[in-house]
Number of protein chains: 2
Amino acid sequence: MDETDRALLTHLVADARITNAALAEKVGIAASTCLARVRSLRERGVVRGYHADVDPAAVGLPLQAMISVRLQSDARDRLGEFTALVRRLPAVRDVYFVAGADDYLLHVAVAGTGALRDLVATLNGHRDVAGTVTSLIFDHIRTAHGV
Amino acid sequence: MDETDRALLTHLVADARITNAALAEKVGIAASTCLARVRSLRERGVVRGYHADVDPAAVGLPLQAMISVRLQSDARDRLGEFTALVRRLPAVRDVYFVAGADDYLLHVAVAGTGALRDLVATLNGHRDVAGTVTSLIFDHIRTAHGV
DNA sequence: GCTGAAACTAACCCGTA
DNA sequence: TACGGGTTAGTTTCAGC
């Protein structure tokens, strides 16, 4: 993890589909060296993957919300179970497991208010859920400085 | 936006660096058709970009937090100013502009408790900020079903 | 570990249906 | 709008430094 690796990461966060040749030129190393370094970053787990960023609204999911979930106090030994549940819900995009008054923050994208109501009902219907608070998201910006 | 497009998106969300030939084969269309469709999705803004997912801990940012920010009630006409500020902070990874008791949720990654304290102090020092609440994030899962 | 060239592979553009 | 071939460009390997 030297300065060259950081430069590679910065460019790959901004554009994961940059060609190896272009990336090598931008950071000032040979193409073959660049390939080996990028592969190493991937294998070491520094880069966890490459993903397309899809606009939720463009695929029929214009409504986003953050749902904070408080679990029952006796559910501490079943955290994995609830985590597995929310991971399977198609609406859930991010699961933040937090310390504090709440236990989870769920970033969700749904088709409309009906789908949101159903989702919240599903969550509240789980035996380990003590309560939820839903906040609508007007806008979401993912910054490019992921390094 | 037919079923073929949805299939393309699903695969591109899972792996943005899949080759065009492999992607074409997976969804059962010719490579040239696949290329044209993917390009169209990009140009129509359905795909907003392709990004590497970097492990924050692997680049020296092992501490993550969600900071909820409440603005002064008279700051409503300066929302853009505060948004621009937080976008420039290197620690900030996601900015959620929400409805409810709070105005912003900031997902941040920092080097340690000192950096987090400094960040919160910076936010609280802004004239438009009425208060902040910081929750540590134990774990963050980004689900792959972005379509 | 970095480099540069050579062999291989994929991307891309165009004519056709 | 989808397909298939031919050209261009990029990836990948390898031996030398």
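Predicted model, so just to flag it, every value in this text is computed and none were measured.
Contacts with DNA chain D (heavy atom under 4.0 Å) in residues 22-37 of chain A: S32(A), L35(A), listed by number.
With sequence neighbours left out, the side chain to side chain donor-acceptor pair (under 3.5 Å) criterion links D74(B) to no other residue. In this view, H51(B) satisfies the ring pair (Phe, Tyr, Trp, His ring centres under 6.0 Å) rule with no residue, not counting sequence neighbours. In this view, H11(A) satisfies the ring pair (Phe, Tyr, Trp, His ring centres under 6.0 Å) rule with no residue, not counting sequence neighbours. Taking the side chain to side chain donor-acceptor pair (under 3.5 Å) definition, one finds that Y104(B) meets it with T83(B), sequence neighbours left out. By the salt bridge (charged side-chain N to carboxylate O under 4.0 Å, His left out) test, R76(A) is found to be paired with no residue, residues two or more places apart in sequence or in another chain being considered. R44(A) is linked by a side chain to side chain donor-acceptor pair (under 3.5 Å) to S40(A), counting only residues two or more places apart in sequence or in another chain. Every residue two or more places apart in sequence or in another chain that forms a side chain to side chain donor-acceptor pair (under 3.5 Å) with D128(A) is listed here: R78(A).
Identified under the side chain to side chain donor-acceptor pair (under 3.5 Å) test for residues 19-29 of chain B, with sequence neighbours left out: none.
In summary, the aromatic rings of Y96(B) and H107(A) are positioned with their centroids under 6.0 Å apart.
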Considering only nitrogen or oxygen atoms on both sides, find all protein atoms under 3.5 Å from nucleotides 15-17 of chain C and state each distance.
none

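The bend of the helix from dG1(C)-dC17(D) to dA17(C)-dT1(D), defined by the angle between the axes of its first five and last five pairs, stands at 30° to the nearest 10°.
In the hydrophobic clustering, where aliphatic and aromatic side chains (Ile, Leu, Val, Met, Phe, Trp, Tyr) are joined below 4.5 Å either directly or transitively, V133(A) stands alone.
Counting any heavy atom pair closer than 4.0 Å across all strands shown, R17(A) reaches no nucleic acid atom.
Taking for each of D2(A) and I18(B) the nucleotide of DNA chain C with the nearest heavy atom, the 5'-most of the two is the partner of D2(A).
Remark: P of dA2(D) and CG of L8(B) are 10 Å apart, rounded to the nearest angstrom.
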